[in-house]
Amino acid sequence: MSILDRVNSPKDLKKLNNDELDELCADIRKLLVSTVSETGGHLASNLGVVELSVALHKVFNSPTDQIIFDVGHQCYTHKILTGRKNRFATLRTEGGISGFTRPNESEHDIFSSGHSSTSISTAVGLAKAKEIKGEKGKVIAVIGDGALTGGLAYEALNNAGTSTNNLIVILNDNNMSISQNVGSMAKNLTNIRTSRGYISFKTKIQHGLAKIPKIGSQICRMLTLINSKIRKRVYKATFFEDLGFRYYGPVDGHDMDSLIDVLTTAKAHSHAVLIHVNTIKGKGYDPAEKNPTQFHGIGKFDINTGEPKSSGMNFSLLFGNTMCKFAQKDNRICCITAAMSEGTGLCDFAKKYPKRFFDVGIAEQHAVTFSAGLAKNGMIPIFAVYSTFLQRSYDQLIHDVAMQDLKVIFAVDRAGFVGTDGESHQGVFDTSYLNSVIGITIFAPISYQELEDMFYEAIYKIKGAVAIRYPRGTQPELPDEYKYQHEDYAVFGNKDGKKCIVTYGRLFSECYKACREMDDVMLIKLNKIKPINQEIFSLLDNAEKIYFYEESIASGSIGESFGNMLAEHCVNAKYKHIAVFDEFIHQATVESQIRKYKMDSLSIISEVANGETE
């Protein structure tokens, strides 16, 4: 019987000694690698925080002590330890457990997370609420050094240090320059300060001094001041101390004894604490240690070699290749990413054109306004970003790009359904928020050739901001005769049909399959979804029923705008909008999500051939 077999809750964990905890960590790593090799997921970051997660649940009492993970994808060990071990094989599958923290799964998942740099803000709010209500327990924010590149984290730190006394921030540093500023003296000092003997000795001295009449309190204040100056001189890391935190670190994030000591010390404090922990991404699995970027978020892979089980061309790689091709001929072209160079396909671009490649960290707001500055001085910036992350910079889209009438091109990756990443990552909001941006042009390619051609048009034919949104993965099945002619829309099927289907992007494939099975249906494919070419409405004079299909939230979307335009053009036809209505989309395969929302070819045939419009 393995140690992991004996651990079904944090209470079981507290019964183990430190040697058994080390065995437990080894068992957890085996489970992580074997499971993620079959389900895909965030492996390297989770391998790096195994000891830290175990130590947290050894020292603290979840959920009375509330633990927040940032980004939530580093919570796998936490899930295993909090009652979900037997369901861990369902990770990121339909009906299974999420790859992120989700309160509807467990009382130990305090806050739903999927986007970075939010944990400290959340933790400050939770801690302050505990103070106001007089509730017991600490609030612990575990934030990675990558997430600390996001501005929201600094807004929270600025607010946190002097305003909360039950907050602990753990900086999980796995390759940040901050660790280079702290040397062996600081490590030794941290070991002394977190030892039980030191804490006991310090407490006795303070109590003894306080009893000295008249001068005792003055001596205590003087010693505290001297202590603070020594800490700043030794650590050379006054930033957190100046913000009001007690700083401990760096601590070896894979040394269980050190972790338990420093967490125990932090738990005893009555003011905000920041613990700096050094970890290794991919720890314990050689392929992940050697290539942590590839194993940050990975699909199914061969557990023996670490090689992915699927490869080949996809929209992201094609985008990267296209940018390299254009940049070779035009030195104005530059690419920007927010810590997603591999995910957006820009690794080759970064190597070939390092002076025109900018990874700004997890800072989408800055990325957009930085791009605006590049554009203002004559460059052609292309910001490659996942749809779900672009929504974080909506204000900059409006104020710093559109209002300035600047040519910034947005390569919106992972548009539409994204599958197993779940609610926080679905790319179904960008059509609605981009649709509201004045003056922006939006393209929706379905094929690799369309993507390349549309980027050419965006760069050389269109003024102002342009967004080109494309789905995750490979291009879908296309008609043999289909070829993009650089038109705003294309028409298929029976042009005199009484029924009409309107769609764009990936769903064109499903709509075309359905249209082939029906004789009386006209199919309109929108290539440019904003602005919509008004000539389309002259094609609808004979239409009696119109169906609009899109992988988008319905409110504010292209389909909603299209419905309004029908009335403006006096098109007298019944209209039905098939989209996502007021709900977050749970994890499943993309194919399953398309079926669930009745956007697959069989559902379209059933709806259009037999159904009624609203």
Are Asp70 and Ser116 packed together at the side-chain level, in the sense that at least one heavy-atom pair is separated by less than 4.5 angstrom?
yes

Would you indicate whether the side-chain heavy atoms of Glu94 and Gln593 approach each other to under 4.5 Å?
no

Presence of salt bridge, [Y] and [X], under 4.0 angstrom:
X	Y	answer
Glu20	Arg6	yes
Arg472	Asp421	yes
Glu38	Arg92	no
Lys79	Asp109	yes
Arg29	Glu51	yes

We want to know whether [X] and [Y] form a side-chain donor-acceptor pair, criterion being a heavy-atom distance below 3.5 angstrom.
X	Y	result
Thr90	Arg84	no
Arg102	Ser424	yes
Asp261	Thr264	no
Lys14	Asn61	yes

Table please: side-chain donor-acceptor pairs of residues 339-354 below 3.5 Å, with sequence neighbours left out.
{"residue": "Thr344", "atom": "OG1", "partner": "Met340", "partner atom": "O", "Å": "2.6"}
{"residue": "Tyr353", "atom": "OH", "partner": "Cys324", "partner atom": "O", "Å": "3.4"}
{"residue": "Tyr353", "atom": "OH", "partner": "Gln328", "partner atom": "N", "Å": "3.4"}

Distance check, rounded to the nearest 0.5 Å: Ile170 atom CD1 versus Asn172 atom CG?
9.0 Å

Proximity of Phe240 and His276 rings by center, below 6.0 Å
no

Listed by chain and number, what are the salt bridge (charged side-chain N to carboxylate O under 4.0 Å, His left out) partners of Lys136, not counting sequence neighbours?
none

Above 12 or not: heavy atoms from other molecules or residues under 6.0 Å from CZ of Phe301?
yes

